[in-house]
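Heads up, the thing below is written out as structure tokens.
All heavy atoms count here, side chains included; hydrogens, waters and symmetry mates do not. Note that ligands are numbered from 1 as they come in the structure, with each ligand's atoms numbered from 1 the same way.
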Amino acid sequence: MTASYRFTLVGLAVATLALTGCTRGSDISGGAALAAEAGCVACHGTNGRGTGPTFPNINGQHASYMYDQLKRYRSGERVNIIMNEQVRHLSNAELDLLARFYAAQ
Ligand code: HEC
């Protein structure tokens, strides 16, 4: 494989990531630890599957949608007594990581 061919492949991979909307980055390392630390796993599991019938499955959901909802819970614009409390102390960066982590499950 020539060097220029390799660069073309890297370029294509980057372009594919850009096209699939990974604008905030695709690194989700630390996501599982944060989900455990923040307590999300109690209701949404480590795999994003609700642990009970009243807890929604969020695995595979769009990261952009979840990031938006998490910010709305935090601001109180979306009202749910459980979720409002869950995200109250989390930063934008943490909400973004959690959204991308669960989207990837
Ligand atoms: C005690 C249980 C519980 C915990 C802990 C919890 N959630 Fe939730 N989560 C819920 C419930 C119940 C809903 C549905 C709320 C509603 O109707 O708006 C929800 C909704 C959501 C939604 C929106 C789903 C949708 O379809 O709009 C997201 C995203 C989410 N949770 C992520 C998280 C994250 C990330 C954490 C950790 C910071 C977390 N949750 C912690 C119970 C929980």
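- Counting protein heavy atoms only, atom 24 (C) of ligand 1 is closest to Ile58 CG2, 3.9 Å.
- Remark: Tyr102 OH to Ile28 CD1 distance equals 11.5 Å, nearest 0.5 Å.
- Within the coordination shell of atom 8 (Fe) of ligand 1, defined by N, O or S atoms under 2.8 Å, Cys43 is absent.
- For ligand 1, the atoms closer than 4.0 angstrom to any heavy atom of Ile82 are 1 (C), 2 (C), 3 (C), 42 (C), 43 (C).
- The protein atom (non-hydrogen) at minimum distance from atom 19 (C) of ligand 1 is Met83 CG, 3.2 Å.
- Ion pairing of Arg72 with Asp68 is absent here, as no side-chain N (NZ or NE/NH1/NH2) approaches a carboxylate O to less than 4.0 Å.
- Within ligand 1, the atoms closer than 4.0 Å to a non-hydrogen atom of Met66 are 29 (C), numbered from 1 in the order shown.
- Without hydrogens or angle criteria, Arg49 side chain to Asn59 main chain gives no donor-acceptor distance under 3.5 Å.
- The shortest N or O to N or O distance between Thr54 and ligand 1 is not under 3.5 Å.
- Taking a 4.0 Å cut-off on heavy atoms, Leu90 registers as neighbouring ligand 1.
- Of the inter-residue distances, the one linking Asp96 atom CG with Ser64 atom OG reads 10.5 Å to the nearest 0.5 angstrom.
- In the candidate list Cys40, Pro56, Gly31, Ala38, Cys40 is nearest to atom 38 (C) of ligand 1, counting heavy atoms.
- Considering only non-hydrogen protein atoms, atom 22 (C) of ligand 1 sits nearest to Tyr73 CE1, 3.9 Å.
- Taking distance alone, with nitrogen or oxygen atoms compared against 3.5 Å, Gln86 stays at or beyond that limit from ligand 1.
- Between atom CG of residue Leu70 and atom CG of residue Leu90 there is a gap of 8.5 Å, rounded to the nearest 0.5 Å.
- Using modelled atom types, no side-chain atom of Glu85 and backbone atom of Ile81 make a donor-acceptor pair closer than 3.5 Å.
- Not one N or O on the side chain of Asn84 forms a donor-acceptor pair closer than 3.5 Å with the backbone of Val79.
- In this structure, Asn80 and Tyr73 have side chains that are in contact, with non-hydrogen atoms separated by less than 4.5 Å.
- Closest protein heavy atom to atom 10 (C) of ligand 1: His44 NE2, 3.6 Å.
- Scanning Phe55, Tyr67, Tyr102, Tyr65 for the heavy atom closest to atom 27 (O) of ligand 1 points to Tyr65.
- Between the side chains of Arg74 and Asn92, at least one donor N or O sits under 3.5 Å from an acceptor N or O.
- From the protein, the heavy atom lying nearest to atom 17 (O) of ligand 1 is Asn80 ND2, 3.8 Å.
- The shortest heavy-atom distance from Gln61 to ligand 1 is not under 4.0 Å.
- Of the possible donor and acceptor atoms, none in the side chain of Thr51 sits under 3.5 Å from a partner among the backbone N and O of His44.
- Using 4.0 Å as the threshold, Gly39 has a heavy atom nearer than that to some atom of ligand 1.
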